[in-house]
Amino acid sequence: MGFSSGSVSFRRFWVVGQGAKQPDESLLGKLSDGALRVGDIGVPEPVEYGWSGGRHVLDSEFSFEHNVFNDCVAFALRIDTNKIPGDLKKAYTIMEEEAVAAGNPSGFISKQQKRDTRDAVRRKIDDELRSGRFRKSKLIPILWDVPAQIIYSPCPPGQFDKLAEIFSRTFGLDLQPVSSGSLAMRLLDPRGRRRDYEDARATRFVTGPEGEGQLPDYPWVAKGPEPKDFLGNEFLTWLWHEAEKADGVIAAEAGGATVFFDKSLDLDCAYGSTGRDSLRADGATKMPEARAALRVGKVPRKAAVLYHSNGQDFSFSLGAESLSLMTLKLPEIEDADSPRVLFEERITLIRDLCKSLDTLFDAFLKVRTGSGWEAQTNAIRRWIMQSSKAQAAA
C-alpha cells in the first residue's frame, strides 16, 4: 500500500460530520459497496472512479486483515479513463471511408455513406472500449485516521472533486483540505481569536516595487480557495529565520524541533513581479541566490528540510500553502517483527510528525498574532538585508 513502505507524499484533509469513532464492519461494508468493479455490460464512461482495497489496481476486497491498521483504514481511490486516441479514431474513419469509396464507380463516398461509416466507426470504437483495450487505471492511496477524523492522501488538486464526491456519497461526510489558512482558523477560533484570523494581512518583509506602502498580494493565494494561505509562506520564512538564528533549534510550548533546510528551495515573488527561483544544492538556503531572492520580494513556497523531533529524524519537502509533505522519509524501524507491526509503527510516526509540525505552526501563529510581531518582522527585515550584504561582501 502507498503508506506501508518507502517514502510517502501526502496532504491532509479533515473529515467533517458525524462519522464512526473507530473502524468497523459497517465502514468496510460501505467501502465495498462503493468499490469500482469493472463489468462487461455496456460501453464504459470516459472516466470511472470508485474505491479500491489498495493492494493492487484490481483489489476490490476490504477486511480488517488487509485494510485496518492502528485505528486507521488504508485503501485507495481508483480512477479509470476510457478514451481512444484521437489519431486512431481518425485512422479508423479514413480507412472505413476509403473502403466504401473504392466500391463506388465514381471513387467518391456519398453523404449517406459518410453517415453510415461514422456509425460503423462508433460501433468499432465502442467494442474496443468495452473490451478494455484503452482502459487506464491509477490508484490514489488513502490513509484514514478514523478517531482523529483526518485523511492523509497524495490526491492532486485536479482529482479532489472526485474524492470529495465519492466520500460524501459513501459516508455522508465532507472533506476539507488542510492548508495554512484553514489550520490557522481551526487553531485560533477556539481561543476566541477569530478576529485575528479575519484581520490578518500579508506582512511586508522588504520594500515592494511601488514603495514601502505596498503590501505583497501573493498572486497564487489570490487564485486559491483560502485567502489566508499566505500564512504558510510567512511560516516558512519565519522558520528559516529562526532556524538560522538558533542553529536549527525551534522552541515551542508543547515541544520543539530541530530544523535544517536541505537540498532544495522554491521561491516565488509575493508581488508578482520578479518570477520564480528553484534552487538545488546542499544547504540551498545558504546560496547567494536564496538571500538575493528574499531581498527582491520572493518568499519560500516549498523547502526540503531535515527535521528532528521526539528523538526521531525525518526528511521531507514542505509545501508552504498546503502544509503538504512530499518524499517523506520516515525513520528506520528495526524491531518490527511483522509487516503489520511495521505499518502500524509508520502510522504512529506520521501522526507524531504532523502533530509536531502543527505545534511549530501554532508557535508561529502565537508570535504572528501577538504584540511582538512588529518587532519580529523588523528582525527578519534586518536579517534579510544583513544576509544579502554579507553574501555580496563574500
Side-chain angles (χ1 to χ4, degrees), residues 1-5 8-85 125-178 324 343 347:
M1 293 185 183
F3 291 87
S4 62
S5 63
V8 295
S9 299
F10 60 84
R11 71 173 301 182
R12 290 175 290 166
F13 305 87
W14 287 305
V15 179
V16 181
Q18 296 297 320
K21 303 299 183 183
Q22 297 287 334
D24 56 23
E25 289 290 353
S26 173
L27 188 151
L28 295 178
K30 291 177 180 179
L31 282 171
S32 180
D33 292 342
L36 179 59
R37 296 180 175 90
V38 179
D40 58 357
I41 299 175
V43 178
E45 295 294 326
V47 179
E48 299 175 311
Y49 55 95
W51 302 124
S52 165
R55 290 176 293 167
H56 51 77
V57 75
L58 299 179
D59 183 15
S60 59
E61 302 298 324
F62 300 86
S63 66
F64 274 85
E65 178 184 1
H66 295 301
N67 299 98
V68 179
F69 304 86
N70 203 350
D71 291 333
C72 293
V73 182
F75 56 109
L77 175 64
R78 175 179 169 182
I79 301 176
D80 286 10
T81 55
N82 305 280
K83 185 177 181 181
I84 189 170
I125 291 173
D126 287 348
D127 288 342
E128 293 196 350
L129 289 174
R130 195 179 290 110
S131 73
R133 178 181 175 186
F134 298 106
R135 179 179 291 273
K136 295 181 179 179
S137 304
K138 68 175 181 180
L139 294 180
I140 298 176
I142 296 169
L143 183 66
W144 182 4
D145 186 338
V146 179
Q149 292 299 280
I150 290 281
I151 275 183
Y152 305 88
S153 176
C155 182
Q159 304 294 354
F160 173 68
D161 286 348
K162 296 181 179 64
L163 174 59
E165 186 279 326
I166 191 174
F167 198 85
S168 176
R169 175 159 43 93
T170 303
F171 302 106
L173 301 169
D174 295 326
L175 294 180
Q176 179 187 359
V178 175
S324 55
F343 193 3
I347 290 172

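The shown structure was predicted, so the numbers you read here are calculated from the model rather than taken from an experiment. Atom set for the values below is all heavy atoms of this structure, side chains included, hydrogens, waters and symmetry mates excluded.
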| field | Set of side-chain contact (heavy atoms from CB on, under 4.5 Å) partners for P46, sequence neighbours left out | value | none
| Closest non-hydrogen atom pair between G54 and D59, with its separation | N-OD2, 3.5 Å
| message | As an exercise, state the distance from CG of D161 to CD1 of I166, rounded to the nearest 0.5 Å. | response | 13.0 Å
| task | Would you check if the side chain of N82 reaches a backbone N or O of E45 as a donor-acceptor pair within less than 3.5 Å? | result | yes
| Do any pairs count as a salt bridge (Lys or Arg N to Asp or Glu O under 4.0 Å) and have a residue in residues 12-28, sequence neighbours left out, and if so which ones? | R12-D358
| query | Is any side-chain heavy atom of V68 closer than 4.5 Å to a side-chain heavy atom of L28? | reply | yes
| note | Of all heavy-atom pairs linking T170 and K30, the shortest is CG2-O, 3.5 Å
| note | In short, K83 meets F134 closest at the heavy-atom pair O-CB, 3.7 Å
| task | Classify the angle between the aromatic ring planes of F171 and W144 as parallel (below 30°), tilted (30 to 60°) or perpendicular (above 60°). | result | perpendicular
| note | Interatomic distance, CD@Q18 vs CG@L173, rounded to 0.5 Å, equals 9.0 Å
| Does the pair R130/D127 count as a salt bridge with the N-to-O cut at 4.0 Å? | yes
| What do you reckon, are the aromatic ring centroids of F69 and F3 less than 6.0 Å apart? | no
| field | Main-chain N/O of G29 paired with S32 side-chain donor or acceptor, under 3.5 Å | value | no
| said: Side chains of I150 and W14, heavy atoms from C-beta outward: is any pair under 4.5 Å? | reply: yes
| query | For the atom pair CD (Q176) and CD (Q149), what is the distance rounded to the nearest 0.5 Å? | reply | 13.0 Å
| Closest non-hydrogen atom pair, I79 against Q159 | CD1-OE1, 3.4 Å
| query | CD1 of I140 to CG of L163: how many Å apart, nearest 0.5 Å? | reply | 7.0 Å
| query | Side-chain contact, heavy-atom cut-off 4.5 Å: F10 with L143? | reply | no
| task | Show your reasoning for whether side chain to side chain contact (heavy atoms under 4.5 Å, CB included) applies to V15 and L175. | result | CA-CA 5 Å; V15 179; L175 294 180; 3.9 Å; yes
| request: Could you check if a side-chain atom of N67 sits within less than 4.5 angstrom of a side-chain atom of L31, using non-hydrogen atoms only? | output: no
| Within the distance-only criterion (no hydrogens, no angle test), does the side chain of S153 pair as donor or acceptor with the backbone N or O of P141 below 3.5 angstrom? | yes
| query | Does some side-chain heavy atom of P147 sit less than 4.5 Å from a side-chain heavy atom of Q22? | reply | yes
| message | So, applying side-chain hydrogen bond (donor to acceptor under 3.5 Å, both in side chains) with Y49, which one of E165, K138, K162 is it? | response | E165
| By salt bridge (charged side-chain N to carboxylate O under 4.0 Å, His left out), which residues pair with R135, not counting sequence neighbours? | E48, D80
| request: Check whether any side-chain heavy atom of C155 lies under 4.5 Å from a side-chain heavy atom of I142, and answer yes or no. | output: no
| message | Strictly distance-based, threshold 3.5 Å: is any side-chain N or O of S168 a donor or acceptor partner for the main-chain N or O of D174? | response | no
| said: So which atom in L27 and which in A20 form the shortest heavy-atom distance, rounded to 0.1 Å? | reply: CD1-CB, 4.3 Å
| query | Has the side chain of R55 got a donor or acceptor atom that lies under 3.5 Å from a matching backbone atom of H66? | reply | no
| Hey, does L77 have a side-chain heavy atom less than 4.5 Å from the side chain of F167? | no
| Roughly how far, to the nearest 0.5 Å, is the CG atom of D33 from the CZ atom of F62? | 9.5 Å
